[in-house]
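Down below is the structure, laid out as structure tokens.
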Amino acid sequence: MSTVRYLTARLAQQIDEELMNAWGAFSIDQLMELAGLACAQTLAKVYGHEKYRRVLVCCGPGNQGGDGLVAARHLGMFGYEPTIYMPKPGSKDIYKRLHKQCDNMMIKSLPPDVTLDVLRSTLSSSDVILDAIFGFSFKGPVRPPFDEVLPLISSSKKPIVSVDIPSGWDVEKGNEEGVGIVPDVLVSLTAPKEGVRSFKGRHFLGGRFVPKAVEERLQLNLPEYPGFEQIVELPQEQEPPRL
């Protein structure tokens, strides 16, 4: 069986655009809902709510953060107690609506301007962290307020699940600068990105929405998703080809 293709920044952007153009016909809301559900399923699969009930969901201001907000809503429905932390809340209407949905589900949010001491205390009282801060469009350096947030998350010694690409990693070069979060679990969306080739933890693929025509034309070689699952675990020994 051919190994899954890892995406460059340009190819990842191209796939997103194709999914949302007239041919793909997806809306951003649909893709975020499916991506966020996959992220929530991944966390739930690895960290059961009996032992890891308290989840700190860290959301950036872009689409990555939107995925995190969707995941927080689903985690609440899965029996977890999520708390949302948005160091810099997104300004787009969709982001505000997703946050409102979480408010309606009685999911707690920390104030954006919370002190580092309060964040440190919240991290200490959490059982697992969902990292949905930066996505594949991230380019360094890490700027305020995230330059203080990322080290706190990394030093918390709590299990971390990262969405698509760990925050602070370059989509193609990975954690080259050494400032990124190093998670225990990664859920790649659509297909894994070049920058995570060196990732050594448990690696899942989510986003069961890529049309067969796109998968075949771009030779993505995506694995089969089991049953009705929104995620599939990638073999750790896999060495993907450089294309």
Side-chain angles (χ1 to χ4, degrees), residues 16-17 19-20 24-45 47 49 52-116 118-119 121-123 125-138 143-146 148-150 152-153 158 160-167 181 187 189-190 206-209 230-231:
D16 268 9
E17 290 171 358
L19 289 172
M20 289 185 285
F26 279 97
S27 69
I28 185 67
D29 302 61
Q30 282 181 289
L31 295 178
M32 278 190 181
E33 188 67 27
L34 291 166
L37 176 58
C39 295
Q41 272 200 4
T42 299
L43 187 145
K45 190 173 189 70
Y47 301 107
H49 66 76
Y52 298 93
R53 183 175 296 274
R54 299 166 299 178
V55 185
L56 183 62
V57 182
C58 302
C59 300
N63 291 347
Q64 190 90 343
D67 295 342
L69 291 172
V70 172
R73 171 162 42 80
H74 284 289
L75 286 168
M77 291 188 283
F78 291 173
Y80 291 84
E81 295 175 7
T83 297
I84 296 167
Y85 173 51
M86 302 173 291
K88 183 180 178 183
S91 59
K92 292 182 179 178
D93 177 66
I94 185 173
Y95 196 100
K96 294 175 181 177
R97 286 190 288 110
L98 290 171
H99 190 212
K100 175 63 175 171
Q101 291 167 18
C102 291
D103 286 343
N104 292 343
M105 298 290 291
M106 309 298 289
I107 294 173
K108 177 184 174 183
S109 292
L110 296 178
D113 58 353
V114 70
T115 66
L116 292 180
V118 171
L119 175 58
S121 174
T122 305
L123 285 164
S125 63
S126 299
D127 300 311
V128 60
I129 300 163
L130 183 66
D131 160 36
I133 298 176
F134 297 137
F136 68 73
S137 59
F138 168 79
R143 299 175 179 83
F146 304 102
E148 293 182 314
V149 171
L150 262 58
L152 272 185
I153 293 173
K158 301 290 181 173
I160 300 172
V161 178
S162 284
V163 175
D164 203 26
I165 188 160
S167 291
I181 288 172
V187 51
L189 299 172
T190 307
R208 194 175 182 176
F209 46 68
Q230 298 299 308
I231 56 173

Straight-line distance of I129 CD1 to L152 CG, nearest 0.5 Å
10.0 Å

List, one per line, each side-chain donor-acceptor pair under 3.5 Å for residues 66-85, sequence neighbours excluded.
unit_1, atom_1, unit_2, atom_2, d
R73, NE, Q101, OE1, 3.1
R73, NH1, E33, OE2, 3.2
R73, NH2, E33, OE1, 2.8
R73, NH2, Q101, OE1, 3.0
H74, NE2, E33, OE2, 2.8
Y80, OH, Y47, O, 2.4
Y80, OH, H49, N, 3.3

CG of L116 to OG1 of T122: how many Å apart, nearest 0.5 Å?
11.0 Å

Find out whether D29 and R97 are in side-chain contact, i.e. whether some heavy atom of one side chain is under 4.5 Å from a heavy atom of the other.
yes

How close do R53 and D127 get, heavy atom to heavy atom, and via which atoms?
N-OD2, 3.3 Å

Please round to the nearest 0.5 Å and tell me the distance separating atom SG of C39 and atom CD1 of I231.
9.5 Å

Less than 4.5 Å apart, side chain to side chain, heavy atoms only: is that true for Q64 and F138?
no

Would a 4.5 Å heavy-atom cut-off, applied to side chains only, mark H99 and P89 as touching?
no

Could you grab the distance from atom CG of L189 to atom CG of L34, nearest 0.5 Å is fine?
10.5 Å

Just so I know, are the side chains of D16 and N63 near enough to count as touching, which here means a heavy-atom distance under 4.5 Å?
no

If I compare all heavy atoms of C59 with all of G65, which pair ends up nearest, and what's the gap?
SG-O, 3.6 Å

Reported OG-to-CD1 distance for the pair S126 and I160, which is rounded to 0.5 angstrom
11.0 Å

Which heavy-atom pair separates C58 from I153 by the least distance, and what is that distance?
SG-CD1, 3.8 Å

Between P61 and F146, is any pair of side-chain heavy atoms under 4.5 Å apart?
yes

Using modelled atom types only, decide if a donor and an acceptor are shared between the side chain of D131 and the backbone of S167 within a distance under 3.5 Å.
yes

Before you tell me yes or no, could you show the steps for L56 and K158 under side chain to side chain contact (heavy atoms under 4.5 Å, CB included), namely the whole-Å CA-CA distance, both residues' side-chain angles and the distance that decides it to 0.1 Å?
CA-CA 10 Å; L56 183 62; K158 301 290 181 173; over 6 Å; no

Quick one: pull up CZ in F134 and CD1 in I181 and give me the separation to the nearest 0.5 Å.
8.5 Å

Could you tell me which residues satisfy ring pair (Phe, Tyr, Trp, His ring centres under 6.0 Å) with F209, sequence neighbours excluded, listed by chain and number?
none

